[in-house]
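Just so it is clear, the model here is predicted, and its values are computed rather than measured. In the text below, chain A, chain B and the rest are named by the order of the sequence lines, each starting its count at 1.
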Amino acid sequence: MTKPQSASVKVCKIAIPVPLHRLFDYLPPDDVDSSQLKPGIRVSVPFGKSCKTGVLIEICRHSEIPNRRLKAIEKVLDAQPLLSQQDMRLLHWASRYYHHPLGEVMATAFPVALRKGKAAQGQHEKAYCLSEKGELVQPEQLQRAPKQQAMLALFQQSSTPLNAAALSAWQRNWRGTLKALRDKELVTETRLAVIPAPPTPAQPTLKANPQQQQAIDDICAARGEFAVFLLEGVTGSGKTEVYMQVIDQVLQQDLQILVLLPEITLTPQLEQRFRQRFAAPIVSSHSKLTDNERLNAWLQMQQGTASIMLGTRSALFTPLKNPGLIILDEEHDSSFKQQEGFRFSARDVAVVRARNLHIPIVLGTATPSLESLYNVKQKRYRLLHLPKRAGNAIEPKFQLLDIRNKKIQDGLSDLLISEIRKTLEKQEQVLLFLNRRGYAPVQMCHSCGYVSRCRRCDANMVIHYDENRLRCHHCGAEQSLPRQCPACQSGELRSIGLGTERIEKTLAELFAANKVVRLDRDTTQRKGSLENYLQRINRGDADIILGTQMLAKGHHFPNVTLAALLDVDSGLFSTDFHSAEKLAQMIVQVAGRAGRAEKQGKVILQTRQPDHPLLVTLLSKGYQAFARTALEERRLALLPPFSHQALLRVHAMNAEAPQVFLNAVKNVLTAINPGKTLVLGPVPAPMAKRAGQFRFQLLLQSEQRKELHSLLDRLIAEIEQIPESKKVRWSLDVDPVDLY
DNA sequence: AGCACGCCGACT
DNA sequence: GTCGGCGTGCTC
């Protein structure tokens with residue numbers, strides 16, 4: 001039985017996570033009192049053939065859609081909105097600023113469990129412990145089942161119940177073994193309390209040096225008001241200590257702290273330090289946790305039962321019952337910018353969030369982004385500078401190693417090899433950095449020149465000898481490694497270029513007596529394996545550490561005294577104007593890994609461009625000087641931050657459609673453009689074909705942010721009218737950081 | 001983005 | 001004769 005529809009029927013505007021720039025109208029559910037329909041609650045609605053979880057935005061009297069076509073909300077999921085009005089405002093702002101559909105923006109504020117419509121209730125996490133029987137059984141009694149034997153021993157050694165995360169860290173396929181032990185009633189299931197056990201006694205705070213104290217005082221003086229601090233300090237300058245002492249004071253006011261970090265790899269380390277220090281509930285949120293773990297963490301911050309959250313980019317929108325402070329560490333790191341879908345910058349949105357909440361935010365880094373330095377110049381951010389701590393590590397010595405016309409074996413020059421040997425003889429560790437994984441980026445036939453290209457991308461397949469496969473790093477396509485040239489059937493296939501896997505094999509030959517550890521996405525894919533490697537390295541159970549990006553991200557390797565970047569040149573010649581900044585940050589960050597104790601470190605950069613101004617300025621005058629020069633270049637070229645950009649990206653299966661569409665867009669733009677905004681393109685994307693899709697882009701640039709944004713508003717309305725838009729998929733990237 | 005509908009090639 | 005390829009269109 002349905003209610004008679006009176007003239008005063010209300011219409012609910014729902015934000016649904018689909019890439020469409022509009023809200024969807026629904027009738028209120030017939031069994032629910034309208035007082036329960038508060039903006040911000042989640043609702044389940046029929047959408048097309050399926051059901052989706054959306055957020056109620058507003059209730060109005062009328063709909064543009066004829067009433068008889070309206071469907072009713074199926075279910076109200078929340079009694080109260082889970083997000084505060086301020087956070088809803090922030091999401092509306094982000095949707096407008098990034099010109100991204102509100103439904104998708106709203107969805108990113110919720111953990112996956114809530115996006116799927118789960119109730120906003122904490123889930124007690126499953127854990128396992130020994131049964132009474134299990135405590136008595138000797139593992140040796142399970143002779144015919146070595147895996148069960150090992151797991152039983154693990155339980156007998158552990159003083160606490162083990163959860164899924166702990167078991168995964170122990171072994172990848174633990175579920176089968178666990179089931180066998182539970183069937184034998186040696187292990188039983190328990191539930192872990194949501195709130196962690198009473199924390200360990202807090203460690204005493206260290207005595208801050210004068211500069212640290214100044215920073216702490218400045219930040220604390222801004223409590224309860226909006227202020228942005230750029231905390232610049234090289235590795236070893238004691239940034240974390242500043243964070244912790246400020247956090248301590250915020251905790252004393254019973255306020256919460258949100259700490260954002262670039263990658264999950266850093267979270268466990270910092271979490272451990274925080275747990276030793278604070279007698280306050282700490283939760284973390286990153287992609288290696290299960291949906292329920294992340295839901296629990298989110299709810300505990302929302303309800304105020306946890307005081308500190310450590311999380312990655314997606315933790316930015318975690319609701320805070322009593323917000324007190326936001327800390328964003330490694331602010332220069334480009335992983336704070338989401339690179340698909342809702343392409344937001346967690347750093348920039350975090351600043352806006354702090355402003356809305358009237359709380360301070362601290363951006364920490366050893367290598368500030370040019371945008372942040374510019375904001376300091378504009379007096380929008382306050383700079384706090386921590387010099388290197390006296391008595392701590394000595395500045396590493398840089399050496400530009402000119403490898404032109406030098407003998408070089410798989411990317412390692414003779415001079416570098418002898419430096420490595422010298423370091424190893426002193427029982428010290430070596431760190432080698434190459435930002436390319438796999439064995440070699442190209443496989444080529446020596447007799448006919450055939451190259452193994454990806455069928456779906458404008459890219460070559462990368463050789464992975466370890467798995468005996470060819471892989472495309474852009475679409476994930478793979479095939480087994482051919483033994484013969486597929487084109488001419490000759491056996492002369494060669495590996496061209498370098499990857500970490502190849503260097504690893506060369507190092508194993510050159511330094512057969514030493515242990516080499518390779519850290520890249522291929523070797524650290526498994527949960528907990530990076531932590532295992534890092535422990536190994538710090539135990540001294542590794543002599544040469546070789547790896548990609550992830551090496552440059554803040555890990556402490558106290559015994560490394562030689563760091564080398566095997567190929568800096570590939571970073572020098574990119575079309576993207578950000579690349580110089582990224583390379584400089586990378587060099588400084590890698591250098592930060594070397595020589596941290598009393599031993600002076602050495603940093604070697606292999607290059608065929610020893611006179612390149614970027615390298616010369618950076619090495620002779622330091623990062624600050626480099627940044628000044630780079631900013632001046634941006635100013636002269638009117639590039640960001642001296643102008644503002646938005647990139648319209650388009651892709652389609654059809655090769656012509658993207659360009660045809662963008663030409664039409666350009667025509668529209670010339671008609672509505674007030675004149676000062678530059679329209680550059682359309683041009684093919686740097687990788688014109690990727691995963692079978694043809695890609696084009698159009699860049700808009702303006703000195704006035706307002707002008708750019710009002711143009712984008714009008715453009716989006718017009719785009720939907722362009723007939724060609726139906727044949728392509730398009731998206732906007734506001735403040736793009738890389739043009740891929 | 002999903003998802004269904006719809007019209008043309010290689011299979012039982 | 002059908003299964004299924006992806007071009008097209010729609011979602012309140």
Side-chain contact check for A:R22: nearest option of C:dG9, C:dC12, B:dA1 is C:dC12

Taken in chain and number order and not counting sequence neighbours, the residues that satisfy side chain to side chain donor-acceptor pair (under 3.5 Å) with A:K13 are A:D25

- Item | Centroid-centroid under 6.0 Å between A:H709 and A:H99 rings | yes

Among C:dT8, B:dA1, C:dC12, the one nearest any side-chain atom of A:V18 is B:dA1

- Decide yes or no, distance alone: a donor-acceptor N/O pair under 3.5 angstrom between the base of C:dG7 and the side-chain of A:R729. no

- Query: A:I16 near the nucleic acid: base, sugar-phosphate alone, or nothing, with a heavy-atom cut-off under 4.0 Å?
  - Reply: nothing

query = Taking only N and O in the side chain of A:R68, is any of them less than 4.0 Å away from OP1 or OP2 of C:dC12?
reply = no

| What does A:P17 touch in the nucleic acid at a heavy-atom separation under 4.0 angstrom: a base, only the sugar-phosphate, or nothing? | nothing

>> Take a 6.0 Å sphere around CD of A:Q704 and say whether it holds more than 12 heavy atoms from other residues, nucleotides or ligands.
In response: no

### Query
Does a nitrogen or oxygen in the side chain of A:K71 sit under 4.0 Å from OP1 or OP2 of C:dC12?
yes

What I want to find out is whether A:D333 reaches A:R313 closely enough, with some N-O distance under 4.0 Å, to be called a salt bridge. no

Residue set satisfying side chain to side chain donor-acceptor pair (under 3.5 Å) with A:H651, at least two apart, ordered chain then number -> A:Q693

Pairwise N/O distances under 3.5 Å, protein to nucleotides 4-9 of chain B:
none

Out of B:dG2, C:dT11, C:dC12, minimum distance to the side chain of A:Y26 belongs to C:dC12

Looking only at C:dC10, C:dT8, C:dC12, the nucleotide nearest the A:L70 side chain is C:dC12

Self-check item: NZ/NE/NH1/NH2 to OD/OE distance under 4.0 Å, A:R353 and A:D87
Solution: yes

